[in-house]
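Accompanying notes for the structure given below.
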Amino acid sequence: MTIETLNARRLLCPLPVIRTQDKVKQLKVGDRLEVICTDPGVMQDIPAWCRINGHKVIEATAGNHEYTLLIEVGS
Amino acid sequence: MSKQRKAIALISGGLDSMLAAKTIMEQGVHVEGINFFTGFCVEGHTHAIREKDKAKPKRNNSLWVAEQLGMKLHIVDVIEEYKNVLINPKHGYGAHMNPCLDCKIFMVNKAKQWIVENDFDFIITGEVIGQRPMSQRKATMPIVAKESGADDLLLRPLCAKNLPATLPEREGWVDREKLHDITGRSRKPQIAMAEQFGFDDYSQPAGGCCFLTDKSYSAKLVDLWKSQGHKEYQLDDVMLLKVGRHIRPQPNFKLIVAREEGEGRFLQGYKNEFISMISVSHRGPLALIDGTPSAEDLYLAAQITARFGQGRDAEQVEINVTMIDGSERTLQVKPIRDEDMPKAWYV
Ligand code: SF4
């Protein structure tokens, strides 16, 4: 299992979703991706995108104007 | 067994494209959605920036539609390619800076490329004849199909019965009889269909799907182009047009003044690329200065910055100025009076 990090700070939605989507394409089922953002909209949009596309949000945390989501790539 | 046909639906996040996709899904076709991000989409942006909008977090309507329909959604970044559409629209602009017809042709063309690469069979849009004065007229329907290269692989389920049969209809991949014949600007047929499908809480944005249909945004874009002498732009340029008050006292510079804390925080992110100003003697907003101001212009900009802070009525306000190279200085200024700020300065 690979764990990758994606810096999506300063990007506004839907760009963090697009970058997540593009990064996930390069990963394998079971790999994990940590996405770090500053747009609070990601707390809705990335989980929605994951639900639609069969991925799982393992953890979502917020603090200090940053939002971090840990995603597990699904099939 | 007949082959499972696959269609890609252009999803804007509005009701029409949602209904178009659903109509085809109901016929047993495998449908996935595609949404193009041009940099001007209304989704989220200013809501993410402004404090006052944070109380009601905005959903991304395209994602919401996809989830309601139970289909995959591909969001495609077309920021770079879209520049040519906006800068040189062959069919011109609409009421504001919206090049809707060229935009439609561009998006359908991108969808055509996508179906070829992903082995899909045809394309669906939520277009309705007569719905929009520029891009959705009977005369423009064949133009979009032809100039996009999609030709008769482009199916508009909401008004298909008013148009010649497309390949998916002729081949029996979809049943033409079960498609629709909606025309005109009335939303009643769509609302009735939405009810029938059990959709509520769908989005019907009054200003359409992008900032380019917005009068005040378009004015700022035209001002940007005029001031720089050409139409090229970077994503940051067009993002900044969505934020703050834009005040241009002279052709060679303008101020972007944060209207509240959230905007101030957003503008902070651009401090390395612009001269910035903030009051240190009184509470006040951050202002970015765009252009090539002279020393005199900076003094005027400081007076304007002071005008938007709590020191607006003070005799003297101390303004900290940070240059792009990081060097700092302070200016003591008397805030400009309202009557000395012509309306024409506000872009
Ligand atoms: S409103 Fe904007 S996104 Fe929609 S067709 Fe017109 S230019 Fe394109």
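Letters go in sequence order (proteins before strands), and every chain restarts at 1. Please read all numbers here as calculations on a predicted model, not as lab measurements.
In this structure, CG in Leu235(B) is found 6.0 Å from CG in Leu15(A), a value given to the nearest 0.5 Å. In this structure, Ile46(A) CD1 and Leu63(B) CG are separated by 10.0 Å, a value rounded to the nearest 0.5 Å. Between Phe37(B) atom CZ and Ile18(A) atom CD1 the span is 6.0 Å, to the nearest 0.5 Å.
Ile75(B) and Gln21(A) make their closest contact through O-NE2, 2.6 Å (heavy atoms, listed as atom of the first residue, atom of the second, distance). Taking both residues in full, the closest heavy atoms of Trp49(A) and Leu73(B) are given as NE1-O, 4.1 Å, listed atom of the first, atom of the second, then distance. Of all the heavy atoms in Arg59(B) and Asp45(A), the pair that sits closest is C-OD1, 4.2 Å.
Looking at Glu67(B), its side chain never comes within 3.5 Å of a backbone N or O of Ala48(A) through a donor-acceptor pair.
Looking at Leu12(A) and Met239(B), their side chains come closer than 4.5 Å, going by heavy atoms from C-beta outward.
Contacts of Arg19(A) with chain B are made by side-chain atoms alone, with heavy-atom separations under 4.5 Å and no backbone atom involved.
Tyr270(B) carries Arg10(A) over the face of its six-membered ring, with the cationic atom under 6.0 Å from the centre and within 45° of the normal.
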